[in-house]
Amino acid sequence: MIFDTHCHLDFDAFDQDREVVLARAAAVGVARFMLPGVSVNNWQKVRDLSAQHERCYYALGLHPYFLNQHQEQDLILLEQELIKNSSDMHAVGEIGLDGHLKHLDEKRQYYFFYQQLKLAKQYNKPVILHVRHRHEKIVNAVKELDFVSGGVIHAFSGSVEVAKNYVDLGLKLGLGSVLTYTNSRKLRAVVKSLPLSSFVLETDAPDMPMRGQFDRRNEPCFITQVLDALCCERKESREKIAEALWKNSLSLFGMEN
Ligand SMILES: [Zn+2]
């Protein structure tokens, strides 16, 4: 069984054929899907989808990409959700820092990230982290807050050293389409040198297409290509790898089975 720990099935890209997409994924063994929140505008939809589909779960958060939409009051709403829907809301995310988004105010990005990390700590929820070019700031914030509720670095593509820093802090690394790319030497070194307990799988669908599929929408069913790429780099059997990653995903989101 496979857990797609990061897919945006609520996005418009799936409005026409969401049921078919879910069925296609189920046919290749994808048994669970985590739908992250990105701004208050999509919270209702991820909640609804998780209520409608037994295999869909949700997280709520304020993504740095939508920084200019976020308001102070959204943090209060997030806290209310943590209080009200604590057993259904499996993580705070996706949240983080994106150094690529030059048009966004860096201080404001950090503020929203830090406040959400604090809330996750207060309510003991794992975090789904979006990090581009800001690994050091994230690591420092996690240390500073003594954040021990766990989480995942979504679409990880950093070095072995950065990977180890995260794993030492109790965070997992989300492996996605980057591992299928021919030029992913750095990430392959990471998946070779860290224990299996460090990883979970994800697609980030409809974004981040797999190798050779840049002209089409990404879908959770393609997650098997990430698993295949991982198996090429590891000595363990495919069954053992899949089972370990499934268990890692459950423990990441505090699910018993
Ligand atoms: Zn995402």
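Counting starts at 1 for both ligands and their atoms, following the listed order. Residues take their numbers from the sequence shown, with the count starting at 1.
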Q: For the pair F253 and F3, name the ring-plane relationship: parallel under 30°, tilted 30 to 60°, perpendicular over 60°.
A: tilted

Between [X] and [Y], does at least one N-O distance fall below 4.0 Å, as a salt bridge requires?
X    : Y    : value
D228 : R238 : yes
K45  : D15  : yes
K143 : D146 : no

Q. What N, O or S atom of H8 is found closest to the Zn ion (ligand 1)?
A. NE2

Q: Check all N, O or S atoms of E94 and name the one closest to the Zn ion (ligand 1).
A: OE2

Q.
Given the Zn ion (ligand 1) as the apex, I'd like the angle to OD1 of D204 and NE2 of H6, rounded to 10 degrees.
A. 90°

